[in-house]
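Structure first, commentary second.
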Amino acid sequence: MQNKSIDTSEVKFFERIQSLVNSEPVVLSKNLTRICAVDATYSDKDRKVVAAAALYDNGVLSETSVYSGRFTFPYHTGLFFLHEGPFVVAAVNKLKVKPQLACFDAQGLAHPRSKGLATICGMVLEIPSIGIAKTALIGKALQYKDGLDKLNYKGRHVGFITLDSAKKKLFWSPGYSISLEQLERTIALHQEICLNASREAHRLSKIEILRVKTKPNLH
DNA sequence: GCGACAG
DNA sequence: ATCTTGTCGC
């Protein structure tokens, strides 16, 4: 049901392009203070989408942005970036201050073609990025450290698994211009900021779509 | 071959 | 994710 609106040749075509994506990474800042998260909320009935970004500076919310639009490309597993990417990228671009790290509610490396939305969007933005997903798309858990599992796929380490404050699993994977080692360090040092920013972005996009739905003429 | 499948 | 009411449980 979810992929009936995409032609099989379209799927193959976009998957191929995704596989070929490759770009020189920028460098993750040594002094990481500006971290943003971005999320989107949908109204499937009228195809409206609102993306919201929340920027934290030194652990404090410093700026937010919202982008409202209407989606055309449907959700299709593995091609999520085509569905949501344009909107979350637009929201991050509306921030006046450029983040040093962007967190996406999606996969990065932990993807069948190693390049989920977090990877693609970080590359488009030229901002180092990570994916923090609530469920896994691929891979299995391997015990690693206390409170930190590794996510493995086809014998490869592709990410980490943590538990949030409600003890629900979170699947972290490197996005653009970030190594697994840098991701592990980021989790150790900035996990709470990343999750606070994600919650704030989620909350804002939810609030904003209600406003958009109440005023149909504004979009 | 069949099922699963980020949001 | 969204569409949706009441309901079960800590």
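Letters go in sequence order (proteins before strands), and every chain restarts at 1. Just the heavy atoms: all of them, side chains too, but no hydrogens, waters or symmetry mates, feed the values below.
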**Message:** For DNA chain C, please output the secondary structure as dot-bracket, reading 5' to 3'. Pairs are Watson-Crick or G-U wobble, both atom distances under 3.5 Å; mark crossing pairs with [ ], other-strand partners with |, unpaired with a dot.
**Reply:** ..........
Pairwise side-chain contact, [X] with [Y], heavy-atom cut-off 4.5 Å (strictly under):
X: A:Phe171; Y: A:Leu151; value: yes
X: A:Phe71; Y: A:Asp44; value: yes
X: A:Leu137; Y: A:Thr77; value: yes
X: A:Val11; Y: A:Leu79; value: yes
X: A:Ser62; Y: A:Tyr56; value: no

**Prompt:** Sequence neighbours excluded, which residues qualify as salt bridge (Lys or Arg N to Asp or Glu O under 4.0 Å) partners of A:Arg199?
**Reply:**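 Once residues adjacent in sequence are excluded, A:Arg199 has no partner under the salt bridge (Lys or Arg N to Asp or Glu O under 4.0 Å) criterion.
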**Message:** Taking salt bridge (Lys or Arg N to Asp or Glu O under 4.0 Å) as the definition, give me every residue that meets it alongside A:Asp46, ordered by chain and number, with sequence neighbours left out.
**Reply:**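 Partners of A:Asp46 by the salt bridge (Lys or Arg N to Asp or Glu O under 4.0 Å) criterion, ordered by chain and then number, come out as A:Lys48.
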**Request:** Please state whether the phosphate of B:dG7, meaning OP1 or OP2, lies under 4.0 angstrom from any side-chain nitrogen or oxygen of A:Tyr42.
**Result:**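 False: A:Tyr42 side-chain N/O out of range (4.0 Å or more) of B:dG7 OP1/OP2.
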Spacing of [atom1] belonging to [X] relative to [atom2] belonging to [Y], to within rounding of 0.5 Å:
X: A:Lys145; Y: A:Gln143; atom1: NZ; atom2: CD; result: 13.0 Å
X: A:Asn22; Y: A:Met123; atom1: CG; atom2: CE; result: 8.5 Å
X: A:Ile130; Y: A:Thr186; atom1: CD1; atom2: OG1; result: 6.0 Å

**Request:** Using the heavy-atom set of chain A and a strict 4.0 Å cut-off, write down the first and last nucleotide of DNA chain C that makes it in, 5' to 3'.
**Result:**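 Nucleotide range in contact with chain A: C:dA1 to C:dC3.
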Cluster check [X], [Y]: I/L/V/M/F/W/Y, side chain < 4.5 angstrom:
X: A:Val88; Y: A:Val92; value: yes
X: A:Leu61; Y: A:Leu195; value: yes
X: A:Phe13; Y: A:Val21; value: yes

Atom [atom1] of [X] to atom [atom2] of [N]: distance rounded to whole Å?
X: A:Asp39; N: B:dG7; atom1: CG; atom2: C1'; value: 8 Å
X: A:His111; N: B:dG7; atom1: NE2; atom2: P; value: 12 Å
X: A:Ile6; N: B:dC5; atom1: CD1; atom2: C1'; value: 13 Å
X: A:Tyr153; N: B:dA6; atom1: OH; atom2: P; value: 13 Å
X: A:Gln18; N: B:dC5; atom1: CD; atom2: P; value: 18 Å

Listed in order of residue number, which residues of [range] have a non-hydrogen atom at under 4.0 Å from DNA chain B?
range: residues 194-208 of chain A; answer: none
range: residues 79-90 of chain A; answer: A:Leu79, A:Phe80
range: residues 127-144 of chain A; answer: A:Ala133, A:Lys134, A:Thr135, A:Ala136, A:Leu137

**Asked** What pairs of residues pass the ring pair (Phe, Tyr, Trp, His ring centres under 6.0 Å) test when at least one of them lies in residues 105-144 of chain A, not counting sequence neighbours?
**Response**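 Matches after skipping sequence neighbours: none remain.
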**Item:** Results of side-chain contact (heavy atoms from CB on, under 4.5 Å) for A:Phe73 - residues two or more places apart only
**Value:**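 Once residues adjacent in sequence are excluded, the partners of A:Phe73 under the side-chain contact (heavy atoms from CB on, under 4.5 Å) criterion are A:Ile6, A:Phe14, A:Leu82.
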**Message:** Ring centres within less than 5.5 Å and planes less than 30° apart: is that true of A:Phe171 and B:dA6 in this structure?
**Reply:**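 A stacking contact does not exist, since A:Phe171 is not both close and nearly parallel to the base ring of B:dA6.
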**Complete:** For DNA chain B, the dot-bracket notation using Watson-Crick and G-U wobble pairs below 3.5 Å, [ ] for pseudoknot-type crossings and | for other-strand pairs, is .......
Could you pull out every donor-acceptor pair under 3.5 Å between side chains of residues 28-42 of chain A and any protein atom, sequence neighbours left out?
| unit_1 | atom_1 | unit_2 | atom_2 | d |
| --- | --- | --- | --- | --- |
| A:Ser29 | OG | A:Gln100 | NE2 | 3.3 |
| A:Thr33 | OG1 | A:Gln100 | OE1 | 3.3 |
| A:Arg34 | NE | A:Lys98 | O | 2.9 |
| A:Arg34 | NH2 | A:Lys98 | O | 3.2 |
| A:Asp39 | OD2 | A:His202 | ND1 | 2.5 |
| A:Thr41 | OG1 | A:Ser205 | OG | 2.7 |
| A:Tyr42 | OH | A:Glu84 | OE1 | 2.9 |

Could you tabulate the donor-acceptor pairs under 3.5 Å formed by side-chain atoms of residues 155-165 of chain A, not counting sequence neighbours?
| unit_1 | atom_1 | unit_2 | atom_2 | d |
| --- | --- | --- | --- | --- |
| A:His157 | NE2 | A:Gly159 | O | 2.8 |
| A:Thr162 | OG1 | A:Trp172 | NE1 | 2.7 |
| A:Asp164 | OD1 | A:Ala166 | N | 2.8 |
| A:Asp164 | OD1 | A:Lys167 | N | 2.9 |
| A:Asp164 | OD1 | A:Lys168 | N | 2.8 |

**Prompt:** Between A:Glu15 and A:Lys12, is the closest basic N to carboxylate O distance under 4.0 Å?
**Reply:**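 No, no charged N to carboxylate O under 4.0 Å.
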